[in-house]
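Encoded as structure tokens, the structure appears first; notes follow it.
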Amino acid sequence: MNRFHYQALPLDVYFGKGRISELRGILDRYGYRNVLVMTTPDQKSAGEKLAGTLGDIAAGVYPHAVMHVPVEVAQKASAYVREHQIDCCIALGGGSTIGLAKAVALELGVPIVAVPTTYAGSEMTTVYGLTDNGRKTTGKDIRVLPKAVIYDPELTFTLPAAISAASGMNAMAHAVEALYAENKNPIISMMAEESVRSLKNALPKIVQNPQDETAREQAFYGAWLAGICLGSVGMAVHHKICHTLGGTFNLPHAQAHAIMLPYSVHYNRSADDEAMARLASALDIADPQACGSELYRLNQSLGIPMALKDIGFPEHGAEEVARIVCDSPYYNPRPYVYDELLDLLKKAHEGRPPA
């Protein structure tokens, strides 16, 4: 067996149906006395309902989270938290809300308790991202890691099937890239394989019946494992492409990840035999070289948009994204080849099969 390094992140996870009812007690154990519930504008009413369960320790709701955490939005949120002397931010929602809470934590050191309602996974990581002048930059800092995360499957029942599917494939991307990460290790690889398998099995059932409680629980379990993967090892070409798509063209995060995943996997199909064998096993297919095509078929079965042009990516954008990716690459198990990446992005723009 190869040498490896594994580091577990220090946070509490509460998983299971109805666990949101324990939030007040969790906050009391930490000693937080003036907490702010953060949401997107669309989830303001859900935030108000949650704040109402917290009694006298709730300082209100801040419903201004948006995609990709623009710097100016983060600055306004930090100013609000500082002015109202908030001692904990409750991030209720997906990656946008958790990302905003992380930006505040990075600036002010105010702790986070995350209550995910999607399968984004960022609640399990020390990774943060900020967008400024059309460029999204990411970093890692232990200050942005939530103190606690509550996974209550009941909170995902109102998530529409289409958004659930894209969000679940976004989570799967974290697990897939963990399999061929520069610092991969046997523990994370086991979690990644289990994550892909759980999401592959659960997402079609959720699309068929969004109220399927067992499938919702299985998908949240898969997303939690994917979040651990994202927080424990580095990512590669897929995440570099998607961060560029989001920061430069403001594409919806989950849909961009879902669309790009088959193409990214196809790009790396011969770069790491062990990783592709594990991925093929999780996808229940015999040919590791066909993992990209299988993920493409899975997207089709889930009703996910198949082309980047369908979510706002312009045809001329392929050249710019390929250039940015090659100019400042993340680690990847095979070199970044501009012409191949350009071809990949053109296929993704049209929604053509990756192979």
K140 and T125: side chain donor to acceptor below 3.5 Å: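 The answer is no; no qualifying pair exists.
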According to salt bridge (charged side-chain N to carboxylate O under 4.0 Å, His left out), who are the partners of [X], at least two apart in sequence or on a separate chain?
X: D87; result: none
X: D28; result: R24, R33
X: D284; result: none

How does the hydrophobic cluster around [X] look, that is, which other residues are in it when side-chain heavy atoms under 4.5 Å mark a link?
X: Y338; result: L342
X: I90; result: Y14, I20, L23, I26, L27, Y30, Y32, V35, V37, L50, L54, I57, V61, L92, V113, V115, I150, L155
X: L106; result: Y128, V144

Sequence neighbours excluded, which residues qualify as side chain to side chain donor-acceptor pair (under 3.5 Å) partners of [X]?
X: S164; answer: R216
X: T39; answer: none
X: R143; answer: D141

Does the pair H243 and Y330 meet the rule for a side chain to side chain donor-acceptor pair (under 3.5 Å), with working shown? CA-CA 11 Å; H243 289 161; Y330 295 172; 2.7 Å; yes
Between H174 (side chain) and G231 (backbone), is there a donor-acceptor pair under 3.5 Å? no
Run the salt bridge (Lys or Arg N to Asp or Glu O under 4.0 Å) test on K200 and E294 for me, step by step, so that the C-alpha distance in whole Å, both residues' side-chain angles and the decisive distance to 0.1 Å come before the verdict. CA-CA 11 Å; K200 173 189 176 291; E294 180 63 21; 5.5 Å; no
Which atom pairs, one a donor and one an acceptor, fall under 3.5 Å between side chains of residues 218-230 and the rest of the protein, sequence neighbours left out?
from: Y221; atom 1: OH; to: E194; atom 2: OE2; distance (Å): 3.4

List the residues meeting ring-ring contact (aromatic ring centres under 6.0 Å, His included) with H238, not counting sequence neighbours, and say none if there are none. H257
Show me the pairs that pass salt bridge (Lys or Arg N to Asp or Glu O under 4.0 Å) and involve residues 343-355, at least two apart or across chains. K309-E350, D343-K347
Do other residues, nucleotides or ligands put more than 12 heavy atoms under 6.0 Å from E319 CD?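 Yes - once you tally the heavy atoms of other residues, nucleotides and ligands closer than 6.0 Å, there are more than 12.
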